[in-house]
Amino acid sequence: MERYNFLESEARWQKAWADAGSFAVETDPSRPKYYVLEMFPYPSGKLHVGHVRNYTMGDVVTRFKRARGFNVLHPMGWDAFGLPAENAAIASGGHPATWTYDNIATMGQQLKSIGLAYDWRREIATCHPEYYRHEQKMFLDFLQAGLAYRKESWVNWDPVEHTVLANEQVIEGRGWRSGALVEKRLLSQWFLKITDFAEDLLHGIETLDRWPDRVRVMQANWIGRSEGARVFFDLVGDGFDGEQLEVFTTRPDTLFGAAFCAISANHPIARKLAEQDAEIAAFNADCNRIGTSEAAIETAEKLGLRTRIEIKHPLKPGETLPLYIANFVLMEYGTGAIFGCPAHDQRDLDFANKYGLPVIPVVRAADGPVPEITTEAFTTTDGVLVNSEFLDGLSVAQAKTAIIDRLDTAGIGRRTIQYRLRDWGVSRQRYWGCPIPVIHCAVCGIVPVPAKDLPVKLPDDVSFDQPGNPLDRHPTWKHVDCPSCGAKARRETDTFDTFFESSWYFARFCSPRSEQAFERRDVDYWLPVDQYIGGIEHAILHLLYSRFFVRALRHCGYLDVAEPFAGLFTQGMVCHQTYQNAQGQWLYPEDVVTTDDGRTLDRAGEPVTVGRLEKMSKSRKNVVGLEAICETYGADTARLFLLSDSPPERDLEWTSSGIEGIWRYVNRLFRLVVDHLGQAAPIGTPAAGASESRRLLHKTIAALTDDLENFRFNRGVARLRELSNHLEDKISALEPASIREALDTIVVLLGPMMPHLAEELWCLLGHDDLLVDQSWPVAQDDLLRDDTVTYAIQVNGKLRGTIELARDIAEEDARTVALSQAAVERALEGRPVRKVIVVPNRLINVVG
RNA sequence: GAGGACGUGGUGGAACUGGUAGACACAUCAGACUUAAAAUCUGAAGACUUCGGUCGUGCGGGUUCGAUUCCCGCCGUCCUCACCA
């Protein structure tokens, strides 16, 4: 039996596409464009089959849109800065650059081996100075525009590694690598003013109608807009007479129920008090130690320390409230200070009960009495105000307006909109990142590196034999003369957060070799990205930072688009079973065998525990190598498997029986064409008639087109199988012209998913041009509708039979036919017919 | 605590806008070919059934001629954010 020789074929067609420059594109405003982009990878080593699902999806979209006449930009590059390279350098003594470029070479080769339609001329790596020089310039422009600034900020400090840790690198209060207790430290760092765009970023979400709802919801929650008021309280006592405390609240209507105020341990007042008071200093230190892990928050007791400062109630002359320092008040949100109204906030109530503070209800249900409050706060907001002087009788909403007006008039408060979103801290105390282009001068302060001196390149001669940042202890690199006054000065040794690079790479792909960050003409044409594809794990940070960057770049005159990604698709993960031996060590799937009697053993014959389905990951060893699959089954088989069965947004289970099934199908397709080549009419012979096969062919064209437009690859595969199942059965009976049409068409339809096989078959069918340049078939309308339709016959909504009727039959006739059915009569059991519902071309329901 | 998603045969899933539930596969079983196996091909199959049918889309209600689909209330699984004032 003839088998498809994928090894030979795949290499040949990949070369043919490369030689023809099939996927090389240029800016061409005379043609409609389409920009397809998969989130570019971090070059971490080697790809496994789990990595390539989203690239395959992007490739299908690319080839499909090309066939539909679009000028398609589909580039690939490398998010090449980041910690793993430094970790590898520390572990093995190499250089991060060597490690990174080696991985890029390996992974690039792997991507090429599965035939992805990239314009490889546009490949970029963000660790290359030709890339990062432009973001240094952007930073300087941001600085000039007031979008970048420096401030002190609390960071997670690992005292063993001498470095700052990201929140996710802190596990149960300890450094993920060193295991040392993490300290909170105040460091001076660079920030980007993403909060300037909070409102615009929030509004912009509404325009992103081709984004998944859940990502839009996540972004909106992250921005976290809340309306409320800022209120200024006068302080008395402990030397603070005449000073004010600024508080943010979303419930200004409950001000008459206020029982206390509380400030964060990091609030300036708390820090000032700590200077003279050991007890307060100790309490503040405790607060900073607790950390922000979930477990810590769940279990941490709400603690407060009463200060000697009292707060004057702004609307109750003569009345004062105590001021506490409390461990649950965050300096990072609002003003770092709150007022507590125990009657209407559960946490405030718990706090009041603990410290014996009064509980004054100020809201009652619209139709209820003033609530008795003991342990449950009354948090309903559709109530009416009581105990609140001029607010009494107003609704909560009315009271909010009324009290803000009053506070505003008195100059002690104003309406405010507060965002949860905080400015983006971009400083990292790391080597393998883009140097922040500023110089610290004792005389001039912070001096930007002049544009002519860019890029500030990373030095190559660094060592990782000591903890900390190699840039900081490099013998010469950081010592420079001040560009402003010429005095001895010091370079900034921090580098950018690597999210900085990924916030604008999609624009660089438009003009990858430009001396500018990108050319205006190119980004005007290509942006926004029409279809972005990536993991849900980037739902917030990467996507939000990119949206911010586009706004900041527009502000600085770089470009003129509103949003970076018009369409977003978040694909599911590829999962595989996990295996562990008796010692609890993870095993690779290829080292596990299943015996005939169903036992699972390792190579040595020892029993293996089969674990749950998990996302493919190196750490659990439940990975299937890309090379192994490509050598055994070929790239097309792997690609089709990744597109079959599971909807693309859901997780997919990789199984050996699944890949076997696809492999069988690939060979059936091959035989379908090869076995009937001889029966086909010459190329270009028009097919005619309305045979069942032609109808199915054209219905498949229409349905598959729709499926591919809407990311329903699994359904598209099912349709192709329906068509090929049918043709296997019926093709020999067709006229030569219909055979030609059927074979040519199905091969073109296969193209986006299985490009090598399709190209091979196209060639075998006698064409001397490339399939990749063929246009997508258009369904013939008159073949999409059948002359007869199968009606469902129901009695009281239950199916009693089906019947073939002419399309668009008169309702009266349909009715008559249905009522004459024996099954209908039987099901009616003698009851009279009360009503007959006819849904045209679908069903007839007899009600009796 | 706040917000969101999902729940269909043994398994993955399909079902347009409320209109024949289970397309297409995987696994299974039976048969053909074979000395045998593999490969390949053909066929069967939601469950129960007295073979007339009955029941079936997590559970309980509701709307409707008709509900996997819409509404209400539960149960379960998963995700995101989380001391957010």
Side-chain angles (χ1 to χ4, degrees), chain A residues 1 3 212-222 224 226 228-229 247-252 254 261-262 264 287 290 292-294 296-298 300-303 326-330 332-341 345-348 350-351 418-422 536-537 539-540 641 644-647 649-653 655-665 667-668 671 703 706 712 714-725 728 790-803 826-827 834-848:
Chain A
M1 188 193 333
R3 279 231 192 173
D213 279 343
R214 63 173 182 147
V215 175
R216 302 201 301 170
V217 167
M218 280 155 97
Q219 292 226 340
N221 289 344
W222 187 263
S226 55
V247 162
F248 173 73
T249 178
T250 53
R251 292 295 304 273
T254 63
C261 284
S264 160
C287 290
I290 285 173
T292 51
S293 77
E294 291 138 63
I297 289 162
E298 284 294 326
E301 201 182 349
K302 308 283 178 277
L303 292 176
N327 64 353
F328 59 87
V329 180
L330 305 174
E332 296 81 12
Y333 186 75
T335 60
I338 62 163
F339 83 74
C341 175
D345 182 283
Q346 191 59 47
R347 195 183 49 202
D348 292 349
D350 296 344
F351 192 81
Q418 183 66 45
Y419 299 92
R420 207 190 72 105
L421 182 68
R422 298 183 212 149
I536 188 73
E537 66 273 19
I540 298 173
F641 181 62
S644 305
D645 287 346
S646 285
E649 68 276 11
R650 274 199 232 169
D651 287 353
L652 168 84
E653 185 189 357
T655 60
S656 51
S657 56
I659 191 82
E660 288 278 352
I662 301 289
W663 169 233
R664 283 197 295 269
Y665 180 57
N667 283 297
R668 275 170 55 197
R671 284 195 303 268
D706 194 48
R712 291 188 296 243
N714 56 322
R715 249 172 45 163
V717 173
R719 307 233 190 242
L720 283 171
R721 292 186 90 130
E722 263 176 321
L723 176 64
S724 59
N725 288 349
E728 278 175 341
T790 310
Y791 272 75
I793 307 292
Q794 296 183 338
V795 174
N796 292 335
K798 273 186 189 167
L799 187 70
R800 295 296 165 183
T802 58
I803 187 171
R826 198 173 341 116
R834 285 197 284 135
K835 200 167 157 189
V836 178
I837 287 155
V838 179
V839 181
N841 298 322
R842 278 196 185 273
L843 61 75
I844 304 158
N845 187 13
V846 179
V847 185

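Throughout, a chain's letter reflects where its sequence line sits, starting with A, and its residues are numbered from 1.
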Asks: Checking all strands, does Val329(A) fall into the base, sugar-phosphate, or nothing category for heavy-atom contacts under 4.0 angstrom?
Replies: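 Touches a base.
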Asks: Looking only at side-chain N and O atoms, does Arg712(A) come under 4.0 Å of OP1 or OP2 in rC16(B)?
Replies: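 Checking rC16(B) against Arg712(A), no side-chain N or O comes under 4.0 Å of OP1 or OP2.
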Asks: Please determine whether a side-chain nitrogen of the Lys or Arg among Asp213(A) and Arg216(A) lies less than 4.0 Å from a carboxylate oxygen of the Asp or Glu.
Replies: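 Salt bridge between Asp213(A) and Arg216(A), a charged N being under 4.0 Å from a carboxylate O: yes.
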Asks: State which of rA85(B), rA14(B), rG12(B) makes the closest approach to the side chain of Ser646(A).
Replies: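 Nearest nucleotide to the side chain: rG12(B).
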Asks: Please measure how far the C1' atom in rC26(B) lies from the corresponding atom in rG9(B), and state the result in whole Å.
Replies: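 Approximately 13 Å lies between the C1' atom of rC26(B) and that of rG9(B).
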Asks: Using the C1' atom on both, measure rG12(B) against rC16(B) and round to a whole Å.
Replies: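 Their C1' atoms lie roughly 22 Å apart.
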Asks: Phe328(A) and Leu303(A): side chain to side chain contact (heavy atoms under 4.5 Å, CB included), yes or no, with the steps?
Replies: CA-CA 8 Å; Phe328(A) 59 87; Leu303(A) 292 176; over 6 Å; no
Asks: Check the phosphate of rG13(B) against Arg650(A), side-chain N and O only, distance under 4.0 Å to OP1 or OP2. Yes or no?
Replies: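 For rG13(B), OP1/OP2 do have a side-chain N/O of Arg650(A) under 4.0 Å.
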Asks: Does the side chain of Asn327(A) get closer than 4.0 angstrom to OP1 or OP2 of rC83(B) through an N or O atom?
Replies: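 Result: no.
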Asks: Tell me the interatomic distance from Tyr419(A), atom OH, to rA82(B), atom C1', rounded to whole angstroms.
Replies: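 That distance rounds to 21 Å.
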Asks: To the nearest angstrom, how far is Phe328(A) atom CZ from rA82(B) atom P?
Replies: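 Those two atoms, CZ and P, are 18 Å apart.
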Asks: Of the nucleotides rG66(B), rG13(B), rC83(B), which one has an atom closest to the side chain of Asn714(A)?
Replies: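 Between rG66(B), rG13(B), rC83(B), the one nearest the side chain of Asn714(A) would be rG13(B).
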Asks: Name the closest nucleotide to the Thr790(A) side chain, picking from rC81(B), rG66(B), rU20(B).
Replies: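 Within the option list, the nearest is rU20(B).
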Asks: Say we look at rG61(B) and rA44(B): how far apart would their C1' atoms be, to the nearest angstrom?
Replies: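 39 Å, rounded to whole Å.
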Asks: For the residue pair Phe248(A) and Ile338(A), establish whether any side-chain heavy-atom pair is separated by less than 4.5 Å.
Replies: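 In short, these two side chains do not touch, never coming nearer than 4.5 Å.
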Asks: Roughly how many Å apart are rU20(B) and rA37(B), using the C1' atom of each and rounding to a whole number?
Replies: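 These two C1' atoms come out 44 Å apart once rounded.
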Asks: Which sits closer to the 5' end of RNA chain B, Tyr333(A) or Ala718(A), going by the nucleotide each is nearest to?
Replies: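 Nearer the 5' end of the strand: Ala718(A).
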Asks: Just how far, in rounded Å, is C1' of rA14(B) from CD of Glu722(A)?
Replies: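 Distance, rounded to whole Å: 10 Å.
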Asks: Applying side-chain hydrogen bond (donor to acceptor under 3.5 Å, both in side chains) to Ser644(A) and Tyr665(A), what does each step give before you reach the verdict?
Replies: CA-CA 12 Å; Ser644(A) 305; Tyr665(A) 180 57; over 6 Å; no
Asks: So do the side chains of Trp663(A) and Phe641(A) get within less than 4.5 Å of each other, counting heavy atoms only?
Replies: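 When only atoms from C-beta onward are counted, Phe641(A) and Trp663(A) do not touch, as no gap falls below 4.5 Å.
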Asks: Provide the distance between the two P atoms, one in rA23(B) and one in rG13(B), to the nearest whole Å.
Replies: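 Rounded to whole Å, the distance is 15 Å.
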Asks: A side-chain contact here means heavy atoms from C-beta on lying under 4.5 Å apart; do Thr249(A) and Phe339(A) qualify?
Replies: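 Yes, close enough: below the 4.5 Å cut-off.
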Asks: Can you figure out which of rG13(B), rU54(B), rG12(B) approaches the side chain of Asp645(A) most closely?
Replies: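 Nearest to the side chain of Asp645(A) among the choices is rG12(B).
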Asks: I want to check one thing: is the phosphate of rA25(B), taken as OP1 and OP2, less than 4.0 Å away from some side-chain N or O of Asn725(A)?
Replies: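 So the side chain of Asn725(A) is within the cut-off, an N or O lying under 4.0 Å from OP1 or OP2 of rA25(B).
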Asks: When we call it a touch if two heavy atoms are under 4.0 Å apart, what does Val839(A) touch: a base, just sugar-phosphate, or nothing?
Replies: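 Val839(A): base contact, heavy atoms under 4.0 Å.
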Asks: Measure CD/Glu332(A) against P/rC81(B) and give the value in whole Å, please.
Replies: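 One finds 17 Å between P of rC81(B) and CD of Glu332(A), rounded.
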Asks: Does Arg842(A) put a side-chain nitrogen or oxygen below 4.0 Å from OP1 or OP2 of rC16(B)?
Replies: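 It does not, given that no N or O in the side chain of Arg842(A) lies less than 4.0 Å from OP1 or OP2 of rC16(B).
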Asks: What nucleotide among rU20(B), rG12(B), rA27(B) has an atom nearest to a side-chain atom of Arg664(A)?
Replies: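 Of rU20(B), rG12(B), rA27(B), rA27(B) is nearest to the side chain of Arg664(A).
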Asks: Taking the minimum atom-to-atom distance to the side chain of Leu843(A), which one of rA82(B), rA27(B), rU20(B) wins?
Replies: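 That would be rU20(B).
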Asks: Taking atom P in both rU8(B) and rG58(B), compute the distance separating them and give it to the nearest angstrom.
Replies: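 To the nearest whole Å, 6 Å.
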Asks: For a quick test of reading the model: is some side-chain N or O of Arg721(A) closer than 4.0 Å to OP1 or OP2 of rA23(B)?
Replies: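 Arg721(A) to rA23(B) OP1/OP2: no side-chain N or O under 4.0 Å.
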Asks: Select from Ile662(A) and Glu728(A) the residue whose nearest nucleotide in RNA chain B is closer to the 5' end of that strand.
Replies: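 So the residue in question is Ile662(A).
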Asks: Considering only atom C1', compute the distance from rU17(B) to rG10(B) and round it to an integer number of Å.
Replies: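 Those two atoms are separated by 34 Å.
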Asks: On a whole-Å scale, what distance lies between the P atoms belonging to rU68(B) and rG60(B)?
Replies: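 To the nearest whole Å, 13 Å.
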Asks: Looking only at side-chain N and O atoms, does Lys835(A) come under 4.0 Å of OP1 or OP2 in rC65(B)?
Replies: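 Checking rC65(B) against Lys835(A), a side-chain N or O does come within under 4.0 Å of OP1 or OP2.
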Asks: Do you know which two heavy atoms are closest between Cys287(A) and Asn327(A), and how far apart they sit?
Replies: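 So the two residues come closest at SG-CB, 3.5 Å.
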Asks: What is the separation between atom CZ on Arg719(A) and atom C1' on rG13(B), rounded to the nearest whole Å?
Replies: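 It is 14 Å, rounded to the nearest whole Å.
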Asks: Once salt bridge (Lys or Arg N to Asp or Glu O under 4.0 Å) is applied, do any residues pair with Arg420(A), and if so which ones, sequence neighbours excluded?
Replies: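 So Arg420(A) forms no salt bridge (Lys or Arg N to Asp or Glu O under 4.0 Å) with any residue.
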Asks: What integer distance in Å separates Leu421(A):CG from rC81(B):P?
Replies: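 The answer, rounded to whole Å, is 14 Å.
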Asks: Separation of Gln346(A) atom CD from rA2(B) atom P, in whole Å?
Replies: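 So the CD-P distance, Gln346(A) to rA2(B), works out to 11 Å.
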Asks: Measure from the side-chain heavy atoms of Met218(A) and tell me the nearest of rG4(B), rU20(B), rU80(B).
Replies: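 Closest nucleotide among those given: rU80(B).
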Asks: Report yes if at least one side-chain N or O of Lys798(A) is closer than 4.0 Å to OP1 or OP2 of rU20(B); otherwise report no.
Replies: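 So the side chain of Lys798(A) is outside the cut-off, no N or O lying under 4.0 Å from OP1 or OP2 of rU20(B).
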Asks: Under 4.5 Å between any side-chain heavy atoms of Ser264(A) and Leu330(A), yes or no?
Replies: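 Side chain of Ser264(A) against side chain of Leu330(A), heavy atoms only: no contact under 4.5 Å found.
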Asks: Categorize Ser644(A) for me: base, sugar-phosphate, or nothing, with a 4.0 angstrom heavy-atom threshold over every strand shown.
Replies: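 No contact.
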Asks: Please check this pair: side chain of Asn845(A) against backbone of Ile837(A), looking for a donor-acceptor N/O pair closer than 3.5 Å.
Replies: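 Flag not set: sc Asn845(A) to bb Ile837(A) has no pair under 3.5 Å.
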Asks: Is rG43(B) in the syn range, within 90° of 0, or in the anti range?
Replies: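 Anti, which is what one calls it when the glycosidic angle falls more than 90° from 0.
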Asks: Which dot-bracket string describes RNA chain B (Watson-Crick N1-N3 plus N6-O4 or O6-N4, or G-U N1-O2 and O6-N3, all under 3.5 Å; [ ] crossing; | other strand)?
Replies: (((((((..(((......[....))).(((((.......))))).(((....)))..(((((..]....))))))))))))....
Asks: Can rG13(B) be described as syn, meaning its chi torsion is within 90° of 0, or is it anti?
Replies: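 For rG13(B), whose glycosidic angle is more than 90° from 0, the conformation is anti.
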Asks: Are more than 12 heavy atoms, taken from residues, nucleotides or ligands other than Arg712(A), located less than 6.0 Å from that residue's CZ atom?
Replies: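 Correct, the count exceeds 12.
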Asks: Using a 4.0 Å heavy-atom cut-off, does Gly658(A) contact any base of the nucleic acid, only the sugar-phosphate backbone, or nothing at all?
Replies: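 Nothing, no nucleic acid heavy atom in range.
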Asks: For Ile837(A) and rG18(B), give me the distance from atom CD1 to atom C1', rounded to whole Å.
Replies: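 Rounding to the nearest Å, CD1 of Ile837(A) and C1' of rG18(B) are 12 Å apart.
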Asks: Does Arg216(A) place a side-chain N or O at less than 4.0 Å from the phosphate oxygens OP1/OP2 of rG4(B)?
Replies: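 Negative; the distance criterion is not met.
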